[in-house]
Amino acid sequence: MRLDWGPRGAHELVAGGAEVVVVVDVLSFTTSVTVAVSQGTVVRPRSWSAASRPVPAEEVDAVYALGRAAAAPGQISLSPASIVAAAPPERLVLPSPNGSAICEQLAAEGVTVVAASLRNARAVGRWLSGQQAAVGIVA
């Protein structure tokens, strides 16, 4: 198990042989992921910079989370509270400048990505204890 930081650290974990990478971005992104998933929503991470790229087919029938300042009451943003307050969508594209961008990068590199926060730390730990893979953690 190895710990690293940010997008470059995530890439170095994969280059170093990590097959599973746990992303810990507890300020908003991974907490929002756990809130959405607990409501039955499938979450697709997407970096802020991806807005200028074509929308992949798996995101066509999804709700896009807005920036906090752009979200009106009842709309979903990166804020976990907005996800709780809104009707849970079937699929949610959740962009963020850090955690989501790192998850998207790691998925493109072909590793298993796990979103960890204080809400699901115990469950992530239990799941990891059963893995026979090289594990990296990126903050």
Side-chain angles (χ1 to χ4, degrees):
M1 191 171 293
R2 189 172 144 217
L3 172 67
D4 219 314
W5 184 268
R8 183 176 176 170
H11 176 72
E12 289 178 10
L13 289 171
V14 175
E19 300 164 274
V20 174
V21 178
V22 179
V23 176
V24 183
D25 180 11
V26 298
L27 294 179
S28 291
F29 175 70
T30 56
T31 301
S32 293
V33 169
T34 62
V35 169
V37 169
S38 71
Q39 295 179 338
T41 299
V42 174
V43 176
R44 169 124 168 110
R46 190 144 165 95
S47 67
W48 284 128
S49 63
S52 61
R53 295 191 305 232
V55 176
E58 62 269 14
E59 294 180 11
V60 171
D61 290 326
V63 170
Y64 275 72
L66 304 170
R68 289 176 197 249
Q75 292 182 307
I76 295 176
S77 73
L78 185 57
S79 165
S82 74
I83 296 170
V84 170
E90 189 174 323
R91 286 175 298 287
L92 176 65
V93 177
L94 188 60
S96 82
N98 296 309
S100 190
I102 291 169
C103 288
E104 185 179 45
Q105 168 194 329
L106 288 166
E109 294 191 45
V111 299
T112 299
V113 182
V114 178
S117 75
L118 297 175
R119 296 185 78 229
N120 69 342
R122 194 171 284 170
V124 169
R126 280 192 306 268
W127 185 82
L128 287 173
S129 69
Q131 300 302 305
Q132 298 298 316
V135 175
I137 301 172
V138 63

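When reading the values below, keep in mind they use all heavy atoms of this one structure, side chains included, and skip hydrogens, waters and symmetry mates. Since we're looking at a predicted model, the values are computed, not measured.
Within 6.0 Å of the CZ atom in Arg68, the count of heavy atoms belonging to other residues, nucleotides or ligands exceeds 12. Atom CH2 of Trp5 has 12 or fewer neighbouring heavy atoms from other residues, nucleotides or ligands inside a 6.0 Å radius.
A side-chain donor from one of His11 and Glu109 sits under 3.5 Å from a side-chain acceptor of the other.
When all heavy atoms of Gln75 and Leu66 are compared, the pair lying nearest together is OE1-CD1, 3.5 Å. Pairing each heavy atom of Leu94 with each of Ser77, the nearest pair is CD1-O, 4.1 Å. Of all heavy-atom pairs between Ala134 and Gly17, the closest is CB-O, 3.4 Å. Pro45 approaches Val43 most closely through the heavy-atom pair CD-O, 3.8 Å. Between Val135 and Ala18 the shortest heavy-atom distance is C-CB, 4.4 Å. What you find for Ser96 and Asp25 is that their closest heavy atoms are OG-OD2, 4.4 Å.
Side-chain contact check for Arg119 versus Pro80: every heavy-atom pair is 4.5 Å or farther apart. For the pair Glu19/Gln131, no side-chain contact is recorded, criterion being any heavy-atom separation below 4.5 Å from C-beta on. For the pair Leu106/Val14, a side-chain contact is recorded, criterion being any heavy-atom separation below 4.5 Å from C-beta on. The closest side-chain heavy-atom distance from Ile76 to Leu92 is below 4.5 Å.
A donor-acceptor pair under 3.5 Å is absent between the side-chain atoms of Thr41 and the main chain of Pro88, judged by distance alone. Side-chain atoms of Glu12 do not come within 3.5 Å of backbone N or O of Asp4 as any donor-acceptor pair. Counting only distance, with no hydrogens or angles, the side chain of Ser28 and the backbone of Ser79 share no donor-acceptor pair below 3.5 Å. Proximity of a side-chain donor or acceptor of Thr30 to a complementary backbone N or O of Ala116 within less than 3.5 Å is detected. Distance alone, capped at 3.5 Å, places no donor-acceptor pair between the Thr31 side chain and the Ser117 backbone.
Expressed to the nearest 0.5 Å, how far SG of Cys103 lies from CZ of Arg44 amounts to 11.0 Å.
Note on Val111 and Ile102: same hydrophobic cluster, where clusters join Ile, Leu, Val, Met, Phe, Trp and Tyr whose side-chain heavy atoms are under 4.5 Å apart, directly or indirectly. Leu13 is not connected to Trp127 by any chain of hydrophobic side-chain contacts under 4.5 Å among Ile, Leu, Val, Met, Phe, Trp and Tyr, and they are in different clusters. Hydrophobic clustering of Ile, Leu, Val, Met, Phe, Trp and Tyr side chains at less than 4.5 Å, counting indirect connections, keeps Val23 apart from Val124. Val63 and Val33 fall within a single hydrophobic cluster, where Ile, Leu, Val, Met, Phe, Trp and Tyr are joined by side-chain heavy atoms under 4.5 Å apart, directly or via other members. Under the 4.5 Å side-chain heavy-atom criterion for grouping Ile, Leu, Val, Met, Phe, Trp and Tyr, Val35 is connected to Val37 within one hydrophobic cluster.
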